[in-house]
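The structure appears right after this line, and notes come after that.
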Protein chains: 2
Amino acid sequence: MSRPESRLGAHLPVSPPTLADVAERAGVSRQTVSNAVNNPDLLRPGTLERVRQAIEEMGYSPNRAARNLRTRTSQLIGLRVSPVQEGTANAMMDRFVHTLVETSALAGHHVLLFTGDDEDPVAGYDNLLRSTAVDAFVVTDTYLGNPQAAWLAAQRAPFVAFGRPWDRASARHPWVDVDGAAGTRLATEHLVEQGHTRIAWIGWRKDSPIGEDRRSGWLTTMHEHGLSTTGLASRVEDTVQSGGEAAAVLLDESAPTAFVCASDTLAMGVLHTLWLRQLAPGRDIAVVGFDDSQVAQVYPVGLTSVRQPLEDVAVEIVRALQSLLSHQPTPEDGVLLTPTLVVRESSARPEADVPA
Amino acid sequence: MSRPESRLGAHLPVSPPTLADVAERAGVSRQTVSNAVNNPDLLRPGTLERVRQAIEEMGYSPNRAARNLRTRTSQLIGLRVSPVQEGTANAMMDRFVHTLVETSALAGHHVLLFTGDDEDPVAGYDNLLRSTAVDAFVVTDTYLGNPQAAWLAAQRAPFVAFGRPWDRASARHPWVDVDGAAGTRLATEHLVEQGHTRIAWIGWRKDSPIGEDRRSGWLTTMHEHGLSTTGLASRVEDTVQSGGEAAAVLLDESAPTAFVCASDTLAMGVLHTLWLRQLAPGRDIAVVGFDDSQVAQVYPVGLTSVRQPLEDVAVEIVRALQSLLSHQPTPEDGVLLTPTLVVRESSARPEADVPA
DNA sequence: GCCGGTGCTTGGAACGATCAAGGGGGACCG
DNA sequence: CGGTCCCCCTTGATCGTTCCAAGCACCGGC
């Protein structure tokens, strides 16, 4: 009676039952059904059971649009997908995204993807924010000078960043990041344990704070062990070719026995150079990459690599989002997680040419 | 006057302007503003300009929840993210997802990610459908026996599949797929042109229709050229190790000079075996993979690989979704796209040991 | 038997947009 | 000059949910 449209014809998709339909069937009012869903404690056990059964029988699920309109939330978290970089090994985002989707589902949220204008990076955020399409954002590419975080903070929009605010410590927004220096420290310690003393670094250009962070882990570990780093560092673009060329120069000029790289992409370049020179990775020269990409995993000579705990990052981000959205002040500003080292053949112990 | 909440205080996030706010400022009614947004043709140019200016000044954007409630749409497309497979090279999904997000944005849609229960694969779909959270789905993993497509069809839920319906041709839902056989045909033709006559196949187990499709391209091309395929085919699991073992067996027993593989993962296994045997890929033995994964791109010896036109697939899927959602009957049931071959060093011309 | 409190339930209003129908004014025609 | 049409705009109703305040039954105490 209350839903004439359901009588239109069986060949059309039947519109789903509403709160009122369930209420009628259970013999209670709308609000009671709503309470059964959102505040079960308010109902007498008998009533609750009756309503629950009606919900079950009719396959009721609250209409999201109506709920969103009333509660002024969307239960959605916006995530900007960055352009795909071909020719690099860093495809770790799906690992992160998957856990993010799973974890936020547990918190009752879904993940909404969107792209950004290249010329106006905040346009996508602005649209979603103004149309109240998402409750919060997860910002992933917090490179230096990226205006997104600052803009979102200025808009008082809830968001959590994957990545530290590099530019100024005054930015007080929640963030989660992986300690890159700790990762390269692990890598360097591992190589020192294997008996290496001439360990080279191949990283990114100086204006990349992430690259400098990773470099610092190598540098301090070398110095802690009293090892020289003179002529053993190189800063290049993040491409296979650059990594290979840097490795060639370092091998010629400084004769390192091991390489620590800021990325698996660079490490692949090093492996290429070793291959050209008939040097066996792991036996002749050790190589360690960063990101534990699929390349590192399927390369014939398994590539030792620093693995970011992306699953934990996603969990922490969702945790921060929840306290942000429930207006509980976050206890600390940021969470810094420690990566692990996945040891494979490319960093096996050198045999006799290095003094133990 | 009409928005008392905006007076609460400047330290709270100001709630965005509504249709009524814009109407008041522009000196028109709500409906006129709505028309200015959705049906500009209905307005007199002068009025339209005035409303547009008010919209611009106030930074108005229609509240999505309200619009969704009224129009019974969500402008969202659901995409289930499948679990990440570690240790394989097939991370092509982000290429697809990115274009999907971009293209559907042009059509006014956003992409919503969700995960599925492993035990109840349709649970995620069911929830989103019943709560009218999404307008349609994109189904990606249409392996044999996957109940999702059939279930969605039974629910009369709008969806487009990436992948042909393998089980029964009677399934009449829109789909977009890549012609795997055409891809392996390209690969095989390419190798024949290089002078190869003993071209081996390493694929997946027989119960994989995708694998059988790809295998058929190799098989028919071989036969068309009058080449024998006896003892040159192998069916294994999709792992690096399996690929390597299969290559070793084939090399020992049938002495092929080239390999066509159903995936880059298998091709990596082949390259590993070649490396162990001191055989140079491209010079001694040619290898072709499938998917043009990042591994193929950054491997020191570039891996020739069949590249799926994932960007085109996404575009076609959005196109099909649009006609589906606008209730225009789709002209054809499915779209089959042709992949391309990316030639790299691993399939360079053999030198003298193969008769031209 | 009356009163007050407790605990569940109820109807009305609101969220902000679109749909359907109604109205005012000018142009055009008779 | 009156009627009709059309164009452009306005008004009231509605989508399905949650918030709010009031209603009502029940129980114990006096």
Side-chain angles (χ1 to χ4, degrees), chain A residues 2-6 14-51 54-55 58-75 108 130-133 135, chain B residues 2-6 8 14-52 54-55 58-75 108 130-133 135:
Chain A
S2 64
R3 303 182 55 242
E5 67 271 34
S6 66
V14 177
S15 57
T18 73
L19 209 55
D21 297 328
V22 178
E24 190 180 2
R25 177 170 195 129
V28 295
S29 70
R30 299 189 315 263
Q31 183 63 33
T32 304
V33 180
S34 175
N35 284 336
V37 175
N38 300 315
N39 301 84
D41 298 341
L42 295 180
L43 297 203
R44 197 163 18 179
T47 314
L48 180 59
E49 183 50 38
R50 194 153 37 97
V51 175
I55 289 177
M58 306 183 73
Y60 168 75
S61 204
N63 182 303
R64 272 208 139 74
R67 170 179 280 182
N68 294 348
L69 175 59
R70 192 64 181 98
T71 61
R72 294 166 166 280
T73 63
S74 65
Q75 306 294 96
R130 284 199 321 225
S131 58
T132 61
D135 290 345
Chain B
S2 63
R3 301 182 57 240
E5 66 272 33
S6 64
L8 277 179
V14 177
S15 56
T18 73
L19 208 56
D21 296 328
V22 177
E24 191 180 359
R25 177 170 194 127
V28 294
S29 70
R30 300 189 314 267
Q31 185 63 35
T32 303
V33 180
S34 174
N35 284 336
V37 175
N38 300 314
N39 302 84
D41 297 342
L42 295 180
L43 298 202
R44 199 166 14 181
T47 314
L48 180 59
E49 182 51 37
R50 193 153 37 99
V51 175
R52 282 219 166 119
I55 289 177
M58 306 184 74
Y60 169 75
S61 204
N63 181 304
R64 272 209 141 73
R67 170 182 278 181
N68 294 348
L69 175 59
R70 192 62 179 98
T71 61
R72 294 167 165 279
T73 63
S74 65
Q75 306 296 94
R130 283 199 322 226
S131 57
T132 60
D135 290 345

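As a basis for the values below, the full set of heavy atoms in this structure was taken, side chains included, without hydrogen atoms, waters or symmetry mates. Residue numbering restarts at 1 for every chain, and letters A, B, ... go by the order of the sequence lines. Here the structure is a predicted model, which is why all the values come from computation and not from measurement.
Neither OP1 nor OP2 of C:dG16 sits under 4.0 Å from any side-chain N or O of B:Y60. Between A:R67 and D:dT18 there is a side-chain N or O to OP1 or OP2 distance below 4.0 Å.
Taking atom CG of A:L69 as the reference point, atom P of D:dG16 lies 12 Å away to the nearest angstrom. At whole-Å resolution of the value, CZ in A:R64 and P in D:dT17 are 12 Å apart. Taking atom CG of B:N68 as the reference point, atom P of D:dT17 lies 14 Å away to the nearest angstrom. Atom-to-atom, CG of B:N63 to P of C:dG16 comes out at 7 Å; the value is rounded to the nearest Å. The distance from atom CZ of B:R72 to atom P of C:dA17 is 19 Å, rounded to the nearest whole Å. As a whole-Å value, the separation of B:L19 CG from D:dT10 C1' is 13 Å. Atoms CG (B:N39) and P (D:dC7) sit 15 Å apart, rounded to a whole Å.
Expressed to the nearest 0.5 Å, how far CG of A:L69 lies from CZ of B:R67 amounts to 13.5 Å. Atom-to-atom distance recorded for A:T47:OG1 and A:N35:CG is 11.0 Å, nearest 0.5 angstrom. Remark: A:R72 CZ to B:N63 CG distance equals 8.0 Å, nearest 0.5 Å. A:D135 CG to A:Q75 CD: the interatomic distance, rounded to the nearest 0.5 Å, is 6.0 Å. Annotation: the span from A:I55 atom CD1 to A:R25 atom CZ amounts to 12.0 Å, rounded to 0.5 Å.
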Quiz item: What string of B, S and - do you get for nucleotides 6-13 of chain C, 5' to 3', if B is base contact, S is sugar-phosphate-only contact and - is no contact with any protein heavy atom under 4.0 Å?
Solution: --SSB-BB

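Among pairs with a residue in residues 40-50 of chain B, none fulfils salt bridge (Lys or Arg N to Asp or Glu O under 4.0 Å), at least two apart in sequence or across chains.
Shown here are the side-chain contact (heavy atoms from CB on, under 4.5 Å) partners of B:R52, two or more places apart in sequence or in another chain: B:P40, B:L48. Considering only residues two or more places apart in sequence or on other chains, A:N68 meets the side-chain hydrogen bond (donor to acceptor under 3.5 Å, both in side chains) condition with none of them. A search for salt bridge (Lys or Arg N to Asp or Glu O under 4.0 Å) contacts involving A:R130 returns A:D126, not counting sequence neighbours.
Annotation: the terminal axes of the helix from C:dG1-D:dC30 to C:dG30-D:dC1 meet at 60°, where each axis is the rotation carrying the C1' atoms of four end pairs onto the next four (5 pairs per end, rounded to 10°).
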